[in-house]
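As structure tokens, the structure follows; a few thoughts come after it.
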Number of protein chains: 2
Amino acid sequence: MAHETQTLNERAQLLLKALVERYIADGQPVGSRALSKLSGLDLSPASIRNVMADLEDMGFIASPHTSAGRIPTARGYRFFVDTLLTVKPLDRLEINQLEGQLQIESTQKLVTSVSHVLSELTRFAGVVVTPRRSAGFRHIEFLKLSEKRLLLILVTADGDVQNRIILTEKSYSPSELIEASNILNQNYAGCSFEDIRRRVQAELKQLRENMTQLMTAALAAGDQAVSESAEDVVISGEVNLLGVNDLSSNMDKLRELFNLFEHRTTLLQLLDHSSRAQGVQIFIGGEAGLQPLDECSVVTAPYEVDGKVVGTVGVIGPTRMAYERVIPIVDVTAKLLSSALAQR
Amino acid sequence: MAHETQTLNERAQLLLKALVERYIADGQPVGSRALSKLSGLDLSPASIRNVMADLEDMGFIASPHTSAGRIPTARGYRFFVDTLLTVKPLDRLEINQLEGQLQIESTQKLVTSVSHVLSELTRFAGVVVTPRRSAGFRHIEFLKLSEKRLLLILVTADGDVQNRIILTEKSYSPSELIEASNILNQNYAGCSFEDIRRRVQAELKQLRENMTQLMTAALAAGDQAVSESAEDVVISGEVNLLGVNDLSSNMDKLRELFNLFEHRTTLLQLLDHSSRAQGVQIFIGGEAGLQPLDECSVVTAPYEVDGKVVGTVGVIGPTRMAYERVIPIVDVTAKLLSSALAQR
DNA sequence: CATTGGCGCTCCTCCCGGAAGAGTGCTGGC
DNA sequence: GCCAGCACTCTTCCGGGAGGAGCGCCAATG
């Protein structure tokens, strides 16, 4: 149990690397014999067993039972991805293919397609945390649905269209509605609702009473639209995880996992963590602090607009995943998403 | 194998009913002994065995192996739901609770919440085929995003907001855009795009060239919006099916099933069938013609607006489901949805 | 002193066979 | 027509080898 030496000599590292790679490849505990052949070190199984015993003492590997080979622990995976892993970047062709599958028509579609592409490429679950809406609006429009129900259409600065139904106390005439939207559009387009609220109070004291009521409602709705839709997470390809043996063998875990997927807020917290760091980040097993994920790893990368992080993309799969492949995919996808968003 | 008598005498029916009910309740093959106690017929197991042999000959029940009890076949279920089943309608309280959970803010939310409620109540998967959009528009708006990209905002007659990006060949000035939308809104609000197209050609020959271009683009986009979003199917609570023993025991089937869920169009075809009939309809096992569903039943009911069927709600669960409970739930939900839609 | 072959040990998996239990089909009596 | 009884069939559930994989330890070796 004593994790004596925290530093691994080169041989131990090489063996650990070979072991993890092998285990990732075929999911069977790896024995000394197999390692002896794989490692390229020309060591006998007996010598390797010594090293393996050390690695086990240090908590990098473990054996499921007395006489099986060893499998990596979470700590082993951690060390592996941090210092042993050699990722090979995607080649130009793959990037182009990936890019070709993105649907750039709207932010919504873009996000969905990114999530989808991630799941398709990795055959795990793809997730994207949608960007927070920027706080301003580009255009606003009131539309009368019935006596006291107004439809507020709000085009946000990033070109997304939001709509909300407002219940009013009194009935407004079409011309009043047009007037209100004109005022807002002509004077305040591009400002944040925060600003508008302040300026409306200052500048438009002379506005007719009912008009300010309308404005207030609009601003409230706008605020709400911004804050409510602040962040959301889009998941694709959960089904893929049904086909992953490591996960589908214990049904109960699998159910927990899928329940987690329905619980957007929890997932959001986890993914938000990643947007603080920059570059690809990896959560292995329970590191994220969520039990349902203890057989899973989450590979994430933040994406940005104008140099500011606005969201996260990621892949959720079994801990035993081909990191050297998943990592560049997530990395590139985040970058492609960033640049796709920059073009609007 | 010869399905000799197609008519079942009363005793046989009673026994079949008891058998199916018992099997639905606990999922174990039902033996003659158990039936003898359940049926209330005061018959000995031996006599019951005779009847069971007949039922088996007629294809209503089958035994998994020589010495297990019997379980209903698809045909048995069919007969059960068609003529033996006694559904007890939901009481007022339950209906109110159900109604309280619907979100009536928008058609979209309404449909989602209906699907969700169905899955919550039945603990299976809830599906809703969204209504076809009515073909007219209530309001239309052009918004310039960049030089050659316009955002078309379209409020459909049923109050939903659609938006599409139009790529134009030339650049339009804001006033041109306003003019175009004014023309459309003032003259053609409420008409179908079909009509508009005809009338625009007839009445507005004198329009400036670039204006007609814009109109054409708008109409095309409108058409597309209507046809594209013609029908879609919303599923909730697929996760629930992971917890259903009958399904989760064979992983492969389960995966097929979940793949089916991702394949909206196939599902749509199935559900569309149901909108022809009126009232609750039930597809048992493979009756729907889809293998992934052969361990499932689908309970559907159409819903309507102004007396016209516009969509379908339904529940997908294991064949061994509590029909007497699911049927009224689906039935009532369809009616609630109809009346919720009528209020707009 | 690191490396290595050898040996004993543990534990898993697979397979077999017997016992128990459930439920049927059949038969002969009422 | 109903039913008690009986033989039969299958499934499920251990328990006990046999085989195999892989480890730990040890003593020999360069």
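Sequence lines set the chain letters: A, B, ... in the order given, protein chains first and strands last, and positions in each chain run from 1.
- Distance CG (A/L43) to C1' (D/dG30): 16 Å, rounded to an integer number of Å.
- Spacing between atom NE2 of A/H65 and atom P of C/dC11 amounts to 10 Å, rounded to whole angstrom units.
- Between B/R22 atom CZ and C/dG23 atom C1' there is a gap of 14 Å when expressed in whole angstrom units.
- Here A/E238 pairs with nothing under the salt bridge (charged side-chain N to carboxylate O under 4.0 Å, His left out) rule; sequence neighbours left out.
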(request) Decide side chain to side chain donor-acceptor pair (under 3.5 Å) for A/H263 and A/T266; before the verdict, give the C-alpha distance in whole Å, the side-chain angles of both, and the deciding distance to 0.1 Å. (result) CA-CA 6 Å; A/H263 218 277; A/T266 317; 2.8 Å; yes

(message) Can you build the contact string for nucleotides 24-30 of chain C? Use B for base contact, S for sugar-phosphate-only contact, and - for no protein heavy atom under 4.0 Å.
(response) BBB----

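- Rounded to a whole Å, the CG atom of A/L35 is 17 Å from the C1' atom of C/dT3.
- Atom-to-atom, CD1 of B/I48 to C1' of D/dA4 comes out at 15 Å; the value is rounded to the nearest Å.
- Ion pairing of A/R78 with A/E287 is present here, as a side-chain N (NZ or NE/NH1/NH2) and a carboxylate O approach within less than 4.0 Å.
- Whole-Å rounding puts the A/Y23 OH to D/dG22 P distance at 14 Å.
- Taking the six-membered ring wherever Trp is involved, the centroid distance between the rings of A/F261 and A/F258 falls below 6.0 Å.
- The separation between B/R11 atom CZ and D/dC3 atom P is 8 Å, rounded to whole Å.
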(request) With side chain to side chain donor-acceptor pair (under 3.5 Å) as the test, would you mind laying out the steps for A/S236 and A/S115 before giving the verdict? (result) CA-CA 6 Å; A/S236 313; A/S115 172; 2.5 Å; yes

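- A straight line from CD1 of A/I61 to P of D/dG24 spans 9 Å, rounded to a whole angstrom.
- A side chain to side chain contact (heavy atoms under 4.5 Å, CB included) with B/V280 holds for exactly one of B/I327, B/V87, B/T300; it is B/I327.
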